Colleague: 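Handing you a structure now.
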Amino acid sequence: MSLNKESPRFLSNPESKSLFPLQTIFDLEKLFELEFLSSNDPNLAVLSIILGAVENSLVQLDYSAAIPVLVNNKKGSKSVPATATRKSVGAVKRRKGRSRPVHQVEYKDGKSSGGSNINAKSETSGSGGTDKTSPDCSEEDGKEESNSPSVEGGGEDGMSDKENVKGDFPPLELDIVEALFFKFYQDVLKTYVDITQFGMEEGIEVDNTPKELVKRVSDVVWSLLSGNYKADTPHIQSLYMYLTDKKLDSFGVSLAVTAGCQLLGLKDVHLMMSEDHSWVGFGGTDEKNRPKQMSEVTWHGKGVEDKRGKEVGLGEEEDSWLYQKGHAVYCSRHMEVAAIVTSINSAISTSLNSIELVKIQQILLWKLYENGHLKKYPMGLMALADLEEVNPTSGKPTCPTLYQDAVLSGRTYYGDMHIYPYTSNAAYFFRHNDFKTSLKYWAHAARIVQKFRRSKNDEEIYREFFEISTDALVTVMKSCSTGFQANSIVRDPMCFAHLLRIFDGICSWEERSKSSIVHITWAKAWVQAIGRFDYTIRRLVSTSDGTLLETVGKSGSKENGTAEDEIEKDSGIDEEDEPPPRVTLFSQKMRQMKGFFKLEKYNPSAITLLLTAQTAVEDAVEKESNGPGFRSRRERLSQSLEIPKVDNHITNNSEANRSARSAHDDPPSRKRSKISPS
């Protein structure tokens with residue numbers, strides 16, 4: 001593609017314009033096939049604008065005003081008031097209190113798009129003083145109202161056949177999309193980014209973009225954002241919201257930078273995504289098909305800490321989960337399209353979703369799946385599986401199959417360093433009361449997290465495992481006490497083996513980190529879960545000590561020569577196929593506790609003390625500061641509580657327990673209360 005200085009490519013297929021105004025799901029599906037599947041270089045900006053406009057017209061409504069346009073007036077659906085025309089939809093207040101019409105834009109030179117039904121007033125940004133447009137409701141919306149079909153009774157007199165069609169969403173005109181697109185290209189990119197200052201020529205594509213130019217594009221996108229909104233506000237991931245409301249979330253900024261670089265002819269700049277963050281890769285690829293350079297372009301988390309221009313994953317974050325140890329998703333153009341579709345948020349509230357948006361997202365994801373654009377994108381496969389669970393599509397792969405595809409994608413292309421495919425599988429089986437399979441997938445997830453070092457930005461995965469440990473596992477253990485699943489879990493030694501793997505993985509993660517993870521809330525839930533299993537079951541699980549290989553997960557994907565056998569060997573989970581179950585323990589804490597698991601008389605107090613003791617990293621810091629020969633409190637405690645190796649026969653438990661209790665050296669008046677397993 002040779003980029004024209006004055007007129008960049010808007011729609012590549014001549015048939016696409018005939019589909020406008022877009023107002024049905026079929027129109028959107030056909031446009032998607034023509035523009036974003038058939039093209040080798042799909043226009044990310046146009047797609048983001050279109051999907052953003054459709055999404056916000058369906059969900060950003062004040063439902064106290066009784067204008068529900070999210071459902072069709074078809075048989076079996078809710079009735080919609082005839083007053084819910086496009087004019088009233090555009091004039092309703094958003095939930096946050098500000099009013100905004102559905103489709104309006106104005107150029108900086110004052111030229112408006114769409115005729116008399118477009119009106120905008122300029123306002124000064126609170127973030128940089130740059131004049132930007134903030135659309136407001138027009139008083140001359142009569143033409144707009146007449147151009148939209150009545151929700152209950154068809155169109156008005158004088159409307160064309162296209163306009164008489166009942167729409168799934170408010171009509172989206174071609175000139176609106178085109179105006180927003182050229183506003184992004186002209187008023188944002190061309191006005192503030194001069195590529196000639198970086199030694200490049202206009203209209204010439206490059207495949208070795210300088211880092212400074214990527215930083216310039218991200219600075220421009222950032223500076224034009226409004227400064228008075230919450231970063232985690234929903235439905236602000238699209239360029240439509242950026243151009244009409246000056247809002248973007250973290251992913252939206254990365255997408256805007258990628259789309260902007262595409263329009264400037266920087267074809268080597270592509271989106272990169274971990275399971276909780278996004279940035280860009282550029283400068284060509286190496287022998288492993290990974291980008292030679294990577295740069296931050298957005299923030300992460302609830303704060304808006306400036307990361308733009310920084311290299312990715314340096315220092316203590318190099319081995320953190322946030323950056324996947326070099327196994328993040330490096331997107332092609334069609335994978336970037338998949339990311340845009342996956343980011344669609346159909347939620348109107350915590351308890352209400354848009355039926356049309358769910359259907360749109362499901363249809364487009366299936367198009368991408370059938371064309372092979374999701375095979376390297378686990379998050380897209382999981383999103384499609386979630387949709388299929390609620391509304392299965394006849395003749396398509398089932399929900400469990402799609403979840404398995406996500407796991408296979410992570411193993412094949414990303415060194416088995418993605419955790420969410422396993423937790424999503426576990427959640428699926430948990431919802432269907434298959435708790436044994438859930439435990440298996442949680443154990444897989446814990447085996448992966450132990451390969452990372454926790455950083456301050458890993459709060460999402462910390463929260464995930466906290467909920468698994470203190471909520472999901474508690475529910476599983478309670479369910480095994482009553483109903484048809486009584487004793488199905490606690491009488492199965494394989495389930496106890498899975499439980500040990502979960503705890504061992506989290507403890508290993510903690511020992512490789514600078515901050516403690518397992519506090520008293522975790523410990524209480526764990527000791528109660530272990531106590532549910534009888535001694536006769538616990539003694540059937542054999543344990544061995546293992547060493548976590550530092551090289552696992554760093555050498556690339558299976559496709560690039562990683563030894564998959566080494567990963568499976570290190571996981572210690574496939575051993576379960578051979579009874580009796582065997583567990584390889586990698587954490588110091590679990591190694592020290594393994595003797596307690598096989599005692600006939602369960603000792604929850606001692607296990608709680610060991611679980612909440614200091615981590616190995618803290619011990620190393622103490623030793624360094626106190627000199628050689630120093631023993632930390634955890635080492636002294638673990639040595640005093642050490643239990644002799646227990647074989648598969650009954651030991652003298654009373655003697656072992658007496659030695660363990662005496663090691664505490666607690667006076668009788670300060671004895672710790674026992675935590676009885678319930």
Side-chain angles (χ1 to χ4, degrees), residues 209 211 214 250-251 254 258 268-298 300-301 307 309-332 335-336 339 375-381 406-422 444-458 460-462 505 508-509 512-514 548-571:
T209 303
K211 180 180 178 180
V214 175
S250 176
F251 168 78
S254 297
T258 306
D268 62 316
V269 180
H270 287 278
L271 184 66
M272 295 195 69
M273 293 180 293
S274 67
E275 293 184 297
D276 192 42
H277 190 36
S278 58
W279 58 94
V280 295
F282 54 96
T285 57
D286 57 19
E287 64 278 1
K288 294 182 179 180
N289 199 31
R290 308 298 294 175
K292 294 180 179 179
Q293 297 187 68
M294 296 182 291
S295 178
E296 297 277 10
V297 294
T298 185
H300 172 262
K307 286 178 171 285
K310 296 181 180 179
E311 293 188 30
V312 172
L314 296 180
E316 65 179 26
E317 293 184 334
E318 180 181 4
D319 292 335
S320 67
W321 167 77
L322 186 67
Y323 294 101
Q324 311 276 183
K325 270 191 173 180
H327 290 82
V329 176
Y330 180 47
C331 295
S332 63
M335 290 173 68
E336 289 161 354
K375 67 178 182 179
K376 294 185 179 181
Y377 188 29
M379 296 295 285
L381 290 168
V407 170
L408 183 61
S409 176
R411 286 187 172 186
T412 304
Y413 303 107
Y414 305 108
D416 204 20
M417 299 298 284
H418 287 224
I419 296 176
Y420 282 153
Y422 291 106
H444 271 287
R447 281 297 193 236
I448 296 175
V449 79
Q450 72 182 2
K451 302 173 186 177
F452 300 109
R453 286 185 174 89
R454 184 192 175 196
S455 74
K456 63 179 181 179
N457 293 317
D458 289 344
E460 284 299 323
I461 200 64
Y462 174 88
S508 296
W509 183 35
R512 292 167 55 83
S513 308
K514 291 186 177 181
L548 187 63
L549 301 177
E550 293 290 340
T551 56
V552 172
K554 287 188 176 181
S555 55
S557 65
K558 180 180 179 181
E559 198 178 57
N560 295 326
T562 295
E564 183 77 9
D565 294 339
E566 188 176 5
I567 293 177
E568 293 300 331
K569 179 180 179 181
D570 186 51
S571 71

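Quick caveat: nothing in here was measured; it's all calculated off a predicted structure.
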Colleague: His270 versus Pro291: any side-chain heavy-atom pair under 4.5 Å?
Modeller: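 Sidechains of Pro291 and His270: no contact.
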Colleague: Are Ser409 and Leu381 packed together at the side-chain level, in the sense that at least one heavy-atom pair is separated by less than 4.5 angstrom?
Modeller: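 Yes, close enough: below the 4.5 Å cut-off.
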Colleague: Taking the side chain as everything from C-beta on, heavy atoms only, tell me whether Asp276 gets closer than 4.5 Å to Ile461.
Modeller: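 Heavy-atom side-chain distance check fails, nothing below 4.5 Å.
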Colleague: Counting C-beta onward and ignoring hydrogens, is there a side-chain heavy-atom pair between Tyr323 and Val312 closer than 4.5 Å?
Modeller: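 Yes, close enough: below the 4.5 Å cut-off.
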Colleague: Checking the side chain of Lys211 only, and the main-chain atoms of Gly309 only, is there a donor and an acceptor separated by less than 3.5 Å?
Modeller: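 Yes, the answer is positive, given that a donor and an acceptor are paired below the 3.5 Å cut-off.
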Colleague: Taking Arg454 for the side chain and Trp509 for the main chain, is one N or O donor matched with an acceptor at less than 3.5 Å?
Modeller: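 Pair absent, no side-chain N/O of Arg454 close to backbone of Trp509.
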Colleague: Keeping the roles fixed (side chain from Asp268, backbone from Gly283), state whether a donor-acceptor pair exists under 3.5 Å.
Modeller: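 Yes, the answer is positive, given that a donor and an acceptor are paired below the 3.5 Å cut-off.
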Colleague: Are a donor atom and an acceptor atom from the side chains of Tyr422 and Asp416 found within less than 3.5 Å of each other?
Modeller: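 Judged by distance alone, the side chains do pair up.
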Colleague: If I compare all heavy atoms of Ser455 with all of Ser320, which pair ends up nearest, and what's the gap?
Modeller: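 Minimum heavy-atom separation between Ser455 and Ser320: OG-CB, 3.6 Å.
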Colleague: Quick check: closest heavy atoms across Tyr330 and Arg290, and the distance to 0.1 Å?
Modeller: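 So the two residues come closest at CB-NH1, 3.7 Å.
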Colleague: Closest heavy-atom contact between Lys325 and His327?
Modeller: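 Minimum heavy-atom contact is O-ND1, 3.0 Å.
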Colleague: Do Tyr420 and Pro378 make a side-chain contact, defined as non-hydrogen atoms from C-beta onward lying under 4.5 Å apart?
Modeller: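 No, too far: nothing below the 4.5 Å cut-off.
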Colleague: Which pair of heavy atoms, one from Arg453 and one from Asp319, lies closest together, and at what distance?
Modeller: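 What the structure gives for the nearest pair is NH1-OD2, 2.7 Å.
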Colleague: Quick one: closest heavy-atom pair of Met294 and Trp279, and the distance?
Modeller: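 Met294 and Trp279 have their closest heavy atoms at SD-NE1, 3.5 Å.
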Colleague: Counting N and O atoms only, with roles assigned by atom type, does the side chain of Asp458 sit under 3.5 Å from a partner on the main chain of Leu322, one being a donor and the other an acceptor?
Modeller: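 It does hold such a pair.
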Colleague: Would you call Tyr414 and Lys376 a side-chain contact if the rule is heavy atoms closer than 4.5 Å?
Modeller: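 With C-beta onward as the side chain, the pair touches.
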Colleague: State, with a plain yes or no, whether a side-chain heavy atom of Glu275 is found less than 4.5 Å away from one of Pro421.
Modeller: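 Yes; the side chains approach each other to less than 4.5 Å.
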Colleague: So, applying side-chain hydrogen bond (donor to acceptor under 3.5 Å, both in side chains) with His277, which one of Glu460, Gln324, Glu296 is it?
Modeller: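 Considering Glu460, Gln324, Glu296, a side-chain hydrogen bond (donor to acceptor under 3.5 Å, both in side chains) with His277 is found only for Glu296.
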Colleague: Decide yes or no for Met379 and His418: does some side-chain heavy atom of the first lie under 4.5 Å from some side-chain heavy atom of the second?
Modeller: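 Side chain of Met379 against side chain of His418, heavy atoms only: no contact under 4.5 Å found.
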Colleague: Minimum heavy-atom separation for Ser254 to Thr298, with atom names?
Modeller: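 Smallest heavy-atom distance, with atoms named: OG-CG2, 3.2 Å.
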